[in-house]
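What follows is a single structure, written as structure tokens, with notes after it.
The analysis underlying the following values was restricted to heavy atoms, covering all of them including side chains, and did not include hydrogens, waters or symmetry mates.
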Amino acid sequence: ALSAWRMAIDLRALEHFVTIAEAGGFAEASRKLHLSQPTLSRSIAQLEEAVGAKLFSRGARGTSVTEEG
């Protein structure tokens, strides 16, 4: 049961990743997903920890997917 629960979390985080990438940033993705930006940030941080890579580059010009992402 625990592994099924972890799978659901991972799939949700992947959905968050795709939505952020398609939306071009966390703000628009949070609106599309009806989630707060901190919730998305935590989800992506956990996904980045799980895969061992930084998935997004966040800067003054916005958010972009890294090469690893």
Side-chain angles (χ1 to χ4, degrees):
L2 181 60
S3 62
W5 182 79
R6 281 188 73 105
M7 179 68 80
I9 296 295
D10 294 342
L11 291 176
R12 199 168 311 125
L14 289 174
E15 176 189 12
H16 296 168
F17 170 79
V18 169
T19 304
I20 294 164
E22 290 176 347
F26 283 73
E28 182 62 24
S30 71
R31 284 190 286 275
K32 288 183 176 197
L33 293 166
H34 306 286
L35 296 171
S36 70
Q37 288 184 42
T39 298
L40 281 182
S41 292
R42 279 191 301 274
S43 176
I44 295 303
Q46 290 171 345
L47 184 59
E48 287 175 332
E49 186 176 331
V51 299
K54 186 175 177 183
L55 301 176
F56 289 103
S57 176
R58 301 164 183 91
R61 294 185 171 193
T63 302
S64 59
V65 178
T66 63
E67 187 175 326
E68 295 85 359

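Note on residues 48-60: no pairs pass side-chain hydrogen bond (donor to acceptor under 3.5 Å, both in side chains), not counting sequence neighbours.
Between atom CD1 of residue Ile44 and atom OG1 of residue Thr39 there is a gap of 11.5 Å, rounded to the nearest 0.5 Å. Atom NE2 of His16 sits about 5.0 Å away from atom CG of Leu35, to the nearest 0.5 Å. With rounding to the nearest 0.5 Å, the separation of CG in Leu40 from CD1 in Ile20 is 4.5 Å.
Remark: Glu68 pairs with Thr66 by the side-chain hydrogen bond (donor to acceptor under 3.5 Å, both in side chains) rule, at least two apart or across chains. Ala45 is linked by a side chain to side chain contact (heavy atoms under 4.5 Å, CB included) to nothing, counting only residues two or more places apart in sequence or in another chain.
Proximity of a side-chain donor or acceptor of Ser41 to a complementary backbone N or O of Gln37 within less than 3.5 Å is detected.
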Output a table of donor-acceptor pairs, distance under 3.5 Å, between side-chain atoms of residues 21-29 and any protein atom two or more places apart or on a different chain; print 'none' if there are none.
| unit_1 | atom_1 | unit_2 | atom_2 | d |
| --- | --- | --- | --- | --- |
| Glu28 | OE1 | Arg31 | NE | 3.3 |
| Glu28 | OE1 | Arg31 | NH2 | 2.9 |

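Ser36 approaches Ser30 most closely through the heavy-atom pair C-CB, 4.1 Å.
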